[in-house]
Amino acid sequence: MNLKPRFENFKGMVLIGLHRKMSMAQNQTYELWKEFGPLRKALASDANLYAIEIYPDTDFFQKFSPLREFEKWAAISKSDVAEVPEALSEIEIPSGEYAVFSYRGKPSEAQATFQYIYGEWLPKSDYEMDARPYFALMDESYKGEHPDSKEEFWIPIKKK
């Protein structure tokens, strides 16, 4: 695998959604999105989706354990919603540099891509992970578990 990222200077954004603490061993991603889906459809059915992960430290993957917890969000941009329901929380993604990897395929099969990004590309690059949220952007080309589904993985980075 030899994915090449593009580099983006992200301007920052406020998102709204639901969040949970979880680990890879106690993954609750499906339940989180199942709960968020009806809320998103009622608010802004055509809004881009954001899957956000906030790791406890920048070497989360170097010291990986399937039991380590992180915070996961299912969200949309606050600017897509006229009035924010009480059931949803706000999260601000601060500005900063990101390495953006385009992914095509089933989300359930993205593990090899993540292993490449965090296990090969990042250690060999001129960058290290920054202490800002990671997110995946899913726009109209995202088709769930379809093999032609597309999404972008936004990795927060800073120069080593």
Backbone of Q62 reached by a side-chain donor or acceptor of D59 within 3.5 Å: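 Not at all, since once roles are kept as given, no pair shorter than 3.5 Å links the two residues.
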
N27: side-chain hydrogen bond (donor to acceptor under 3.5 Å, both in side chains) partners, not counting sequence neighbours: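 Once residues adjacent in sequence are excluded, the partners of N27 under the side-chain hydrogen bond (donor to acceptor under 3.5 Å, both in side chains) criterion are T29.
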
Could you pull out all donor-acceptor pairs under 3.5 Å where a side-chain atom in residues 133-140 meets a protein atom, sequence neighbours excluded?
| residue | atom | partner | partner atom | Å |
| --- | --- | --- | --- | --- |
| D139 | OD1 | S141 | N | 2.9 |
| D139 | OD1 | S141 | OG | 2.6 |

Residues K143 and D148 bridged, charged N to O under 4.0 Å: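 Salt bridge between K143 and D148, a charged N being under 4.0 Å from a carboxylate O: no.
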
Residue pairs involving residues 31-41 (criterion side chain to side chain donor-acceptor pair (under 3.5 Å); sequence neighbours excluded):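 Listed once each, the pairs are R20-E35.
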
Those residues that, when tested against S45, pass side-chain hydrogen bond (donor to acceptor under 3.5 Å, both in side chains) (two or more places apart):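 So S45 forms no side-chain hydrogen bond (donor to acceptor under 3.5 Å, both in side chains) with any residue.
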
Qualifying residues under salt bridge (charged side-chain N to carboxylate O under 4.0 Å, His left out), relative to E92, sequence neighbours excluded: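 With neighbours one apart ignored, the set is empty.
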
Return a table of donor-acceptor pairs under 3.5 angstrom between the side chains of residues 152-160 and protein atoms on other chains or two or more places apart.
| residue | atom | partner | partner atom | Å |
| --- | --- | --- | --- | --- |
| E152 | OE1 | R6 | NH2 | 3.3 |
| E152 | OE1 | W154 | NE1 | 3.1 |
| E152 | OE2 | R6 | NH1 | 2.9 |
| E152 | OE2 | R6 | NH2 | 3.1 |
| K160 | NZ | P123 | O | 2.8 |
| K160 | NZ | S125 | O | 2.8 |

Salt bridge (charged side-chain N to carboxylate O under 4.0 Å, His left out) partners of D46, counting only residues at least two apart: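 In terms of salt bridge (charged side-chain N to carboxylate O under 4.0 Å, His left out), with neighbours along the sequence ignored, D46 is linked to no residue.
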
N/O donor-acceptor pair under 3.5 Å between E145 side chain and S108 backbone: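 At least one qualifying donor-acceptor pair exists.
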
All ring-ring contact (aromatic ring centres under 6.0 Å, His included) counterparts of Y30, not counting sequence neighbours: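 Y30 satisfies ring-ring contact (aromatic ring centres under 6.0 Å, His included) with no residue once adjacent residues are dropped.
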
Neighbour count >12 (heavy atoms, 6.0 Å) for atom CD, Q26: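 No, the 6.0 Å shell around CD holds no more than 12 heavy atoms from other groups.
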
Which residues share a salt bridge (charged side-chain N to carboxylate O under 4.0 Å, His left out) with E151, sequence neighbours left out: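 Scan of E151 (salt bridge (charged side-chain N to carboxylate O under 4.0 Å, His left out), adjacent residues dropped) gives none.
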
Gap separating the CZ atom of F60 from the OG1 atom of T58, nearest 0.5 angstrom: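 If we round to the nearest 0.5 Å, F60:CZ and T58:OG1 are 12.0 Å apart.
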
Path from V84 to I91 over hydrophobic side-chain contacts below 4.5 Å: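 V84 does not cluster with I91.
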
Reported OH-to-CG distance for the pair Y127 and L122, which is rounded to 0.5 angstrom: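 Interatomic distance, Y127 OH to L122 CG, rounded to 0.5 Å: 11.0 Å.
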
Inter- and intrachain pairs under side chain to side chain donor-acceptor pair (under 3.5 Å), touching residues 74-85, at least two apart: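 Side chain to side chain donor-acceptor pair (under 3.5 Å) check on residues 74-85 returns S77-S79, K78-E90.
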
Nearest-0.5 Å distance that lies between atom OG1 in T113 and atom CG in L3: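 CG of L3 is found 5.5 Å from OG1 of T113.
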
Spacing of OH belonging to Y142 relative to CZ belonging to R104, to within rounding of 0.5 Å: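 One gets 14.5 Å once the value is rounded to the nearest 0.5 Å.
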
Interatomic distance, W73 atom CH2 to I16 atom CD1 [nearest 0.5 angstrom]: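 Rounded to the nearest 0.5 Å, the CH2-CD1 separation comes to 10.0 Å.
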
Listed partners of F61 passing ring-ring contact (aromatic ring centres under 6.0 Å, His included), at least two apart: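 Partners of F61 under the ring-ring contact (aromatic ring centres under 6.0 Å, His included) test: Y55, Y118.
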
Set of salt bridge (charged side-chain N to carboxylate O under 4.0 Å, His left out) partners for E97, sequence neighbours left out: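 Salt bridge (charged side-chain N to carboxylate O under 4.0 Å, His left out) check on E97 returns nothing, list empty.
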
Nearest-0.5 Å distance, CE of residue M22 to CD of residue E71: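 M22 CE to E71 CD: 9.5 Å, rounded to 0.5 Å.
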
S89 vs H19, side-chain contact (heavy atoms from CB on, under 4.5 Å): CA-CA, chis, key distance, verdict: CA-CA 8 Å; S89 301; H19 59 97; 3.6 Å; yes

